[in-house]
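Read through the structure below, which is laid out as structure tokens, and then see the notes.
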Amino acid sequence: MKYKGIIFDLDGVICHTDKYHYQAWKKLADKLGIYFDQEINNRLRGVSRMESFDIILEKYHGQMSQEDKVRYAAEKNDLYRELLKNMTTDDLDPQVKETLDTLRSRGLLLAIGSSSKNAGFILERLGLDGYFDAVSDGNNISRSKPDPEVFLKAAEYLDLQPQDCLVVEDAQSGLEAAIAGNMDCAAIGDAVKCNKANYNLETFSDLLLAVGS
Ligand code: BG6
Ligand code: MG
């Protein structure tokens, strides 16, 4: 087998939380009188909460103190968490679950490598609490993607060398993080356009072809 472990980004790979991030940021942006649209939302993919807010504030006319930034980002997160409560196990695509189960039956270790501090809560909503062999997320890192820290930690938790892991990502910053961490990567969704990955997946189950049996 080419790999011993697979590290999955969460938002945009295992599930689709984009619309909830958008709704929560939009509500805050409207309140603050900041222009915000889907295109700007796409730039937030893979980026930490505070760095996302900095991108949104590019359209803010004025200065905001660090204290206010932290307060507003927390407010966005409260809105986002409320929206996440709409997620159920029905939001887990059966193709995703079947593919994960097949990879596991082939002896691969499976981990999450996500910038989100809500990863645990999302996995719970999807019925995947405790499913992965390791979870590395926004709570255990100090540097966000494209820094490789989140993936290197995931490999460490799996007790694997980076070069034995494949990363699956939907964001350019995530592909860059994998490459910086000396890991192969597979792109799905928007990340395919970057032309940086070892594999481009049209659909999640294409991963089975990429890793071989
Ligand atoms: C990433 C998302 O997974 O997590 C980003 O792609 C988001 O859009 C980041 O900003 C941080 O998420 P959270 O849940 O900690 O606010
Ligand atoms: Mg993502």
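The structure displayed is predicted, hence computed values, not measured ones. Indexing begins at 1, ligand by ligand and atom by atom, following the structure's order. Note that these values count all heavy atoms, side chains included, but never hydrogens, waters or copies made by symmetry.
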Those atoms of ligand 1 less than 4.0 Å from some heavy atom in [X]:
X	answer
K117	13 (P), 14 (O), 15 (O)
N118	13 (P), 14 (O), 16 (O)
Y80	14 (O)

Next on the checklist: Determine whether D93 and K97 satisfy the following criterion, salt bridge (Lys or Arg N to Asp or Glu O under 4.0 Å), listing intermediate values before the conclusion.
Outcome noted: CA-CA 7 Å; D93 183 342; K97 184 62 169 49; over 6 Å; no
Checklist entry - Is the centre of the Y80 ring less than 6.0 Å from the centre of the W25 ring? => result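 No - the distance between ring centres of Y80 and W25 does not fall below the 6.0 Å cut-off.
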Checklist entry - Taking the six-membered ring where the residue is Trp, are the ring centres of F204 and F8 under 6.0 Å apart? => result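 Yes - the distance between ring centres of F204 and F8 falls below the 6.0 Å cut-off.
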Item to check | V47, portion touching ligand 1 at heavy-atom distance under 4.0 Å | outcome: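 Contact part for V47 vs ligand 1: backbone (N, CA, C, O).
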Checklist entry - For ligand 1, is any non-hydrogen atom under 4.0 Å from S52's backbone (N, CA, C, O), its side chain (CB onward), both, or neither? => result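 Side chain only.
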Considering only the protein, which heavy-atom contact is closest to [atom], and what is its distance?
atom	result
atom 8 (O) of ligand 1	L44 O, 2.9 Å
atom 13 (P) of ligand 1	S116 OG, 3.5 Å
atom 6 (O) of ligand 1	G46 N, 2.8 Å
atom 3 (O) of ligand 1	D11 OD2, 2.6 Å

Next on the checklist: At a cut-off of 2.8 Å, what protein N/O/S atoms sit near the Mg ion (ligand 2)?
Outcome noted: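 The answer is D9 OD2, D11 O, D170 OD1.
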Checklist entry - Are the charged groups of E176 and K196 less than 4.0 angstrom apart, N to O? => result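 Counted as a salt bridge, because a side-chain N and a carboxylate O are separated by less than 4.0 Å.
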Next on the checklist: Does this structure show an ion pair linking D190 with R45, if we count only N-O contacts that are shorter than 4.0 Å?
Outcome noted: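 Salt bridge between D190 and R45, a charged N being under 4.0 Å from a carboxylate O: yes.
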Next on the checklist: Show, in sequence, the C-alpha distance, side-chain angles and deciding distance for T203 and I188, and conclude whether the side chain to side chain contact (heavy atoms under 4.5 Å, CB included) test is met.
Outcome noted: CA-CA 7 Å; T203 180; I188 193 162; over 6 Å; no
Please check if the side chain of [X] supplies one atom and the backbone of [Y] the other of a donor-acceptor pair under 3.5 Å.
X	Y	answer
Q163	M183	no
R49	A73	no
R125	D91	no
S115	G46	yes

Checklist entry - Does R49 reach ligand 1 with a nitrogen or oxygen that is under 3.5 Å from one of the ligand's nitrogen or oxygen atoms? => result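 Between R49 and ligand 1, an N or O pair is found under 3.5 Å apart.
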Checklist entry - Under a heavy-atom criterion of less than 4.0 Å, does G138 contact ligand 1? => result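 So G138 does not count as touching ligand 1.
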Checklist entry - Do Y35 and I40 touch side chain to side chain, with heavy atoms closer than 4.5 Å? => result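 Yes - at least one pair of side-chain heavy atoms lies under 4.5 Å apart.
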